[in-house]
Amino acid sequence: MSLDRARPLLLPLALMLAFELWARLTQLQSDSLAPPSAILAALAGALADLSIPIATRDTLFAAFSGLAIGSAIGLSLGITFGISRPLDRLMEVTVEAIRPIPSIALLPITLIALGFGYRMEIVIVAFACIWPMLIMTRSAVRSIEPRLIEVSRALRLSATQRIAKIVIPAALPRIFVAFRLSAGIALIVAVTVEIAINPIGLGAGIMLAQQALRADLMLAYLLWIGVIGYALNMLLIAAQRRLFGRAALAGDNP
């Protein structure tokens, strides 16, 4: 690993080392904190007994399913509203009235309608992912060079051909940024739903550890969620760089 790649790890490692020393010097006894060495040991144990891998599978299944559904809906609406300004103005009040509703506020409704399990979580994640995709896709479509649209008209392309050959390729880099943002939201919302009410996944693991007064295991789950989020973002950045080149990442770090 080069020095440039290792540099971002220096601050987290220094903080962990400082906390470890403080915990040992003060002989930390707490129901909510644990030294990093105990957290890492608990994480290793949870990985070995497969409790974290199974919980990770449940959380990522719900997060990715909701992300796929919400992104598809948001993308379709964003393209439609971006192309049709009259329709956008017609739907403005409806969208702006629904968009600020916290996704977690849907819990009572989805629980009654769908019960516990994947379906409830997927619906809530999908709802949360619609809005960043819709807003950023609409903005990306509106920022397309007008001359490209004029060319498509001159070539007498149909509406479907115009979207497929002009609109989507021109707006795709910014749409991918919206997808990266939605991916992070999907993971956050999935874990939050599990902490609040759904007895599966990483969020439920956090709550079980908290109820057992296992601060080390609870923080191990939190550390693991952070690792997953970081890895997911790095994979999407690598995909974005591969698809669009380094220029697509300039000034972009959601």
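Worth knowing before you read on, the calculation uses all heavy atoms, side chains too, and leaves out hydrogens, waters and symmetry mates. Predicted, not measured: the structure shown is a model, and the values here were computed from it.
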Taking all non-hydrogen atoms of both residues, which atom of L67 and which atom of A186 are closest, and how far apart? CB-CB, 4.1 Å
Under 6.0 Å between the ring centres of W224 and Y221? no
L17 CG to L13 CG distance, which is reported to the nearest 0.5 Å: 8.5 Å
Measure across S32 and L219 and return the closest heavy-atom pair with its distance rounded to 0.1 Å. O-CD1, 4.0 Å
Using the rule that Ile, Leu, Val, Met, Phe, Trp and Tyr join whenever any side-chain heavy atoms are under 4.5 Å apart, tell me whether L213 and L222 fall into a single cluster. no
Can you check whether V193 reaches T110 side chain to side chain, under 4.5 Å on heavy atoms? no
Salt-bridge test for E96 and R99: reply yes if a basic N is under 4.0 Å from a carboxylate O, no otherwise. yes
Minimum heavy-atom separation for P35 to F19, with atom names? CA-CE2, 4.0 Å
In Å, rounded to the nearest 0.5 Å, how long is the span from CD1 of I237 to CG of L232? 10.0 Å
Are L90 and I135 linked, directly or through intermediate hydrophobic residues, by side-chain heavy-atom contacts shorter than 4.5 Å (ILVMFWY only)? yes
For the side chain of Q210 and the backbone of M218, is there at least one donor-acceptor N/O pair under 3.5 Å apart? no
Got a second to check how far E194's CD is from I200's CD1, nearest 0.5 Å? 5.5 Å
Atom OG1 of T192 and atom CG of L187: how far apart are they, to the nearest 0.5 Å? 9.0 Å
Are there more than 12 heavy atoms of other residues, nucleotides or ligands under 6.0 Å from atom CD of Q29? no
For the residue pair V141 and G82, what are the closest heavy atoms and their distance? CG1-C, 3.7 Å
Closest approach of R174 to S143 (non-hydrogen atoms, all atoms of both residues): NH1-OG, 2.9 Å
Under 3.5 Å donor-acceptor pairs involving side-chain atoms of residues 119-131, not counting sequence neighbours:
residue : atom : partner : partner atom : Å
R119    : NH2  : L114    : O            : 3.4
E121    : OE1  : N198    : ND2          : 2.8
W131    : NE1  : F127    : O            : 3.0

Inter-residue atom distance I166.CD1 - I144.CD1, 0.5 Å rounding: 8.5 Å
More than 12 foreign heavy atoms under 6.0 Å from CD of Q161: is that the case here? yes
Exercise: identify the closest heavy-atom pair between M133 and F179: SD-N, 3.5 Å
Decide whether V189 and L181 are clustered together by the hydrophobic rule: side chain heavy atoms of Ile, Leu, Val, Met, Phe, Trp, Tyr closer than 4.5 Å, transitively. yes
Does R162 have any salt bridge (Lys or Arg N to Asp or Glu O under 4.0 Å) partners at least two apart in sequence or in another chain, and if so, which? none
Side chain proximity check, I228 to L60, heavy atoms < 4.5 angstrom: yes
I would like to know whether L243 and L172 meet side-chain contact (heavy atoms from CB on, under 4.5 Å); could you show each step before the answer? CA-CA 10 Å; L243 291 171; L172 193 56; over 6 Å; no
Would a hydrophobic clustering, with Ile, Leu, Val, Met, Phe, Trp and Tyr connected at side-chain separations under 4.5 Å, put V191 with L47? yes
I188, L223: one ILVMFWY side-chain cluster at the under-4.5 Å cut-off? no
Is there a donor-acceptor pair under 3.5 Å between the side chain of S84 and the backbone N or O of F81? no
Spacing of CD1 belonging to I52 relative to CG belonging to L43, to within rounding of 0.5 Å: 5.0 Å
Is any side-chain heavy atom of R138 less than 4.5 Å from a side-chain heavy atom of L77? no
